[in-house]
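I have placed the structure first, in the form of structure tokens, so that the comments after it can refer back to it.
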Amino acid sequence: MTPETLAEKVLSATRDAFEALNLDAAVLPAATAVERPRDPKHGDYASNIALQTAKKAGTNPRALAEQIAKNLTSTDGVAKVDIAGPGFLNITLDAAAAGEIAGKIVAAGDTYGANESMAGHNVNLEFVSANPTGPVHIGAVRWAAVGDALARVMRASGAKVTAEYYFNDAGSQIDNFSASLLASAKGEPTPENGYGGAYIADITADVLKQHPDALDADDPQEVFRVAGVDLMFAEIKSDLADFGTHFDVFFNEKDLHDKGELDAAVERLDKQGHIFESEGALWLRTTTFGDDKDRPLKKSNGEWTYFAADCAYYLDKRERGFDKLVIMLGADHHGYIGRMQAMSRAFGDEPGTLEILIGQLVNLLRDGKPLRMSKRAGTVLGLDDIVSAIGVDAARYALARYSADSSIDLDIDLWTRNSSDNPVYYVQYAHARIAGVLRNAADRGVDKGESYDASVLTHERESDLLKALAEFPSVVATAAELREPHRVARYAEELAGAYHRFQHDCRVLPVGDEEPTDLNRARLWVVDATRTVLANALALLGVSAPERM
RNA sequence: GCCUCAGUAGCUCAGCUGGAUAGAGCACCGGACUUCUAAUCCGAUGGUCGCAGGUUCGAAUCCUGCCUGGGGCGCCA
């Protein structure tokens with residue numbers, strides 16, 4: 001029995017109890033959930049539904065719990081129901097009902113964990129979105145890992161997701177970038193506001209290889225701009241691809257300008273009555289929707305502001321049919337939330353259409369001291385450096401296992417050592433161990449058969465493992481709903497732990513030449529199911545599940 | 001000043017849409033390898049959940065105030 005099924009049975013038992021006690025069923029929730037108690041004495045699952053509803057219904061929680069327990073005890077698969085404390089229901093399943101899950105998981109294979117919690121949503125998820133003025137730096141790498149995992153988690157939860165990267169290859173930062181290339185080619189020092197660092201010299205050399213006469217061109221900087229941006233962006237895309245982060249759309253801000261979408265957006269906002277002119281500039285009255293000040297769209301010199309392009313981009317996404325726009329930004333962009341949300345409302349969209357996720361920054365430490373990184377000074381640790389230092393799996397996992405709300409302190413030395421401190425090895429090892437057991441089973445001709453007798457799975461370690469396995473779909477659903485993919489990593493660690501403990505205490509294969517028993521076969525199903533869930537969880541994080549380590 | 005994130009074991013962090021005795025990894029101490037991978041497991045140590053109030057059957061979790069630290073508050077991009 002899955003926790004979801006049990007929760008439904010608890011709810012219907014509660015409904016019956018309300019009827020028996022003549023209580024007002026209107027106070028009952030539409031859905032409930034059971035939780036896994038920490039203390040095994042509290043059964044396999046616990047429900048607090050009596051506590052939650054008794055007061056509203058004007059009755060005593062314990063009395064209500066007693067009635068629910070009476071109804072629930074006769075349910076198929078429920079071995080025991082205890083009432084504890086102020087009115088908790090502690091439910092114990094019989095082994096056969098608990099063990100069914102292994103078969104369901106094996107049958108579902110790589111679709112186990114999929115759920116419908118975000119079904120029907122067409123989501124545009126924008127992340128990384130760095131301009132091609134330098135390598136993808138560590139902060140953006142965090143979003144490459146977290147954003148990609150979030151896209152996967154939301155897809156597994158039934159949403160249609162377009163992963164999108166927004167960039168601008170025409171702004172003043174790009175001018176600084178191309179001026180830096182030109183200066184480097186001429187052997188001049190890095191210009192003011194320019195970029196330094198080894199990668200500038202590399203790109204410069206590559207541009208000169210493509211265009212040996214670049215310096216003699218009418219507008220040399222333009223040659224360096226076009227070719228340099230191309231090379232830089234190619235490098236970014238290839239680094240991201242190597243990192244396993246996939247984007248469905250690379251969207252260039254330039255297209256918005258070329259297609260006149262800024263004018264169209266302003267016109268739309270004007271029609272909604274939110275545009276005004278002041279001091280020769282054009283403004284959006286974002287304060288109507290809670291922003292702390294109004295925001296300019298077109299400067300008094302006639303130039304568009306960056307915010308105007310944001311408005312056009314927003315409208316573009318909406319017109320492409322997305323009903324949910326999610327943007328992941330670093331904490332240094334927190335100040336944009338107010339105007340962006342106001343803009344969304346000014347277009348007439350419901351709150352919640354636009355979701356801006358703010359992730360805290362990554363601090364790099366060396367010898368315990370903060371390391372200041374600057375693209376301009378060239379002291380940048382890029383995505384490629386990280387990958388070559390510790391590998392994709394370790395990097396992705398390390399970045400994705402923390403809540404985006406927490407800033408991360410990463411010690412470079414720790415990272416550049418290929419250290420087993422990284423919990424990813426703990427999870428991957430569990431998978432590799434299982435693969436080993438399954439290989440041995442195959443070698444020895446031990447087959448798990450078409451079906452198994454789940455009632456023999458009575459060991460505490462088996463029970464713990466089965467409960468952990470059963471939890472996976474709700475973990476995925478929660479991770480998607482809360483936009484918190486790190487939950488998947490934490491879950492994987494828990495599951496790996498449950499498996500290691502199981503394998504330590506429970507012999508899976510027959511010893512020596514003994515004939516396989518029902519217990520051996522049933523355990524093989526559990527092992528196979530665990531392998532499936534570990535592989536699925538790692539896949540959601542974009543981390544490989546090795547067969548051997 | 002305003003906004004925002006964080007403050008939980010020696011360290012790095014989970015837990016936070018209210019539940020029972022607050023967890024994991026690392027570090028440290030002590031155990032377990034003739035046995036399916038010991039990259040593992042078991043045990044011990046380690047806590048005023050930043051502080052103070054409040055809400056209630058119940059608060060690490062919700063509310064208010066304060067303290068400390070990170071980030072942000074341009075007709076920049």
Side-chain angles (χ1 to χ4, degrees), chain A residues 35 37-39 41-42 46-48 51-52 54-55 60-61 84-88 90 131 133 168 170-176 253 278-283 292-293 295-301 303-309 330-338 358-361 363 368 370 398 401-411 414 419-430 432-441 443-444 446 478 481-482 486-487 489-491 493-494 496-497 499-512 520 523-524 527 548-549:
Chain A
E35 60 182 45
R38 199 168 290 286
D39 188 337
K41 286 202 290 288
H42 295 150
S47 167
N48 59 6
L51 288 165
Q52 285 178 334
K55 192 177 182 186
N60 172 296
F88 290 103
N90 292 333
N131 285 342
T133 56
N168 177 358
S172 63
Q173 301 294 349
I174 296 288
D175 292 340
N176 296 335
E253 180 186 334
S278 172
E279 300 170 47
L282 211 56
W283 299 70
D292 47 7
K293 57 186 84 159
R295 307 291 172 173
L297 294 167
K298 193 180 255 185
K299 304 180 214 172
S300 47
N301 65 7
E303 283 175 25
W304 292 110
T305 64
Y306 193 80
F307 181 54
D332 51 340
H333 287 77
H334 155 261
Y336 296 105
I337 296 180
I358 292 297
Q360 299 303 308
L361 304 175
N363 302 309
R401 79 183 285 264
Y402 302 102
S403 160
D405 286 341
S406 294
S407 57
I408 309 181
D409 291 332
L410 288 177
D411 195 298
L414 208 72
S419 161
S420 61
D421 293 347
N422 194 323
V424 73
Y425 299 110
Y426 182 79
V427 178
Q428 288 185 316
Y429 177 60
R433 253 186 136 181
I434 291 175
V437 172
L438 295 176
R439 268 196 306 275
N440 291 339
D443 289 350
R444 293 173 47 185
V446 180
T478 304
E481 284 164 21
L482 300 180
H486 74 275
R487 288 169 182 274
R490 300 293 173 158
Y491 167 80
E493 289 166 36
E494 239 181 76
Y499 180 77
H500 286 309
R501 287 186 286 276
F502 159 81
Q503 180 165 344
H504 189 264
D505 290 353
C506 299
R507 177 77 202 184
V508 176
L509 299 178
V511 178
N520 295 133
R523 282 179 174 169
L524 264 179
V527 168
R548 297 170 198 271
M549 285 175 77

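Quick note on labels: first sequence line is chain A, next is B, and so on, each numbered from 1.
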If we only count heavy atoms from C-beta on, is the A:Gln503 to A:Val508 side-chain gap below 4.5 Å?
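No; the side chains remain at least 4.5 Å from each other.
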Side-chain heavy-atom pair A:Thr133, A:Asn176 within 4.5 angstrom cut-off
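Side-chain contact under 4.5 Å: no.
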Atom-pair distance ([atom1] on [X]; [atom2] on [N]), nearest Å:
| X | N | atom1 | atom2 | answer |
| --- | --- | --- | --- | --- |
| A:Ile337 | B:C73 | CD1 | C1' | 12 Å |
| A:His504 | B:G31 | NE2 | P | 16 Å |
| A:Trp304 | B:A77 | CH2 | P | 13 Å |
| A:Phe307 | B:G74 | CZ | P | 14 Å |
| A:Asp292 | B:C3 | CG | P | 10 Å |
| A:Arg501 | B:A39 | CZ | P | 17 Å |
| A:Ile174 | B:C76 | CD1 | P | 19 Å |
| A:Asp332 | B:G72 | CG | C1' | 8 Å |

Whether [X] contacts [N] is assessed here as follows: a side-chain N or O lying under 4.0 Å from the phosphate OP1 or OP2. Is that the case?
| X | N | result |
| --- | --- | --- |
| A:His486 | B:G15 | yes |
| A:Lys299 | B:G74 | no |
| A:Arg401 | B:G25 | no |
| A:Asn440 | B:U37 | yes |
| A:Arg490 | B:G23 | no |
| A:Tyr429 | B:A39 | yes |

Using the [atom1] atom on both, measure [N] against [M] and round to a whole Å.
| N | M | atom1 | answer |
| --- | --- | --- | --- |
| B:U8 | B:C13 | P | 10 Å |
| B:U48 | B:U61 | P | 16 Å |
| B:G25 | B:C41 | P | 7 Å |
| B:G74 | B:C3 | P | 15 Å |
| B:G31 | B:G18 | P | 46 Å |
| B:G71 | B:C29 | C1' | 41 Å |
| B:C42 | B:G53 | C1' | 44 Å |
| B:C28 | B:G15 | P | 27 Å |

So for [X] and [N], does any side-chain atom that can act as donor or acceptor lie under 3.5 Å from a complementary atom in the base?
| X | N | answer |
| --- | --- | --- |
| A:Asn90 | B:A20 | yes |
| A:Tyr336 | B:C3 | no |
| A:Asn48 | B:G19 | yes |

Taking any heavy-atom pair under 4.0 Å as a contact, classify [X]: base, sugar-phosphate, or nothing.
| X | result |
| --- | --- |
| A:Gln503 | base |
| A:Glu279 | base |
| A:Gly85 | nothing |
| A:Ala84 | base |
| A:Tyr402 | sugar-phosphate |
| A:Lys293 | sugar-phosphate |
| A:Ser47 | nothing |
| A:Arg444 | nothing |
| A:Val511 | nothing |
| A:Ala46 | base |

Closer than 3.5 angstrom, by distance alone: can the side chain of [X] be matched with the main-chain N or O of [Y] as a donor-acceptor pair?
| X | Y | result |
| --- | --- | --- |
| A:Arg507 | A:Leu509 | yes |
| A:Arg401 | A:Arg490 | no |
| A:Ser172 | A:Asp175 | no |
| A:Arg444 | A:Gly512 | yes |

If I compare all heavy atoms of [X] with all of [Y], which pair ends up nearest, and what's the gap?
| X | Y | answer |
| --- | --- | --- |
| A:Glu493 | A:Tyr426 | O-CE2, 3.6 Å |
| A:Glu303 | A:Asn301 | N-OD1, 2.9 Å |
| A:Tyr402 | A:Ile408 | CD1-CD1, 3.6 Å |
| A:Ala54 | A:Asn60 | CB-C, 4.0 Å |
| A:Ile358 | A:Ala331 | CG2-CA, 3.7 Å |
| A:Ala496 | A:Val427 | CB-CA, 3.9 Å |

Mapping A:Asp505 and A:Leu51 to their closest nucleotides on RNA chain B, which lands nearer the 5' end?
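That would be A:Leu51.
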Considering heavy-atom distances to RNA chain B, does A:Gly280 or A:Leu361 have its closest nucleotide positioned more toward the 5' end?
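The residue closer to the strand's 5' end, by nearest nucleotide, is A:Leu361.
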Would a line drawn from the ring center of A:Tyr499 to the ring center of A:Phe502 be shorter than 6.0 Å?
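Here the rings of A:Phe502 and A:Tyr499 have centres that are less than 6.0 Å from each other.
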Under 3.5 Å between N/O atoms: give me all the protein pairs with nucleotides 4-6 of chain B, atom names plus distance.
residue	atom	partner	partner atom	Å
B:U4	O4'	A:His334	NE2	2.9
B:C5	O4'	A:Gln360	NE2	3.4
B:C5	O2'	A:Asp405	O	2.3

Stacking between A:Tyr426 and B:G25, defined as ring centres under 5.5 angstrom apart with planes under 30°, is that present or not?
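Answer is no, no stack.
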Dot-bracket for RNA chain B, please. Rules: Watson-Crick or G-U, both distances under 3.5 Å, ( ) within the strand, [ ] when a pair crosses earlier ones, | for another strand, . otherwise.
(((((((..((((.....[...))))..((((.......))))......(((((..]....))))))))))))....
A:Lys41 side chain, from C-beta outward: closest of B:G15, B:A77, B:U21:
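Nucleotide nearest to A:Lys41's side chain: B:U21.
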If you only use heavy atoms from C-beta on, which nucleotide in B:A77, B:C75, B:G19 is closest to the side chain of A:Tyr306?
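Selected nucleotide: B:A77.
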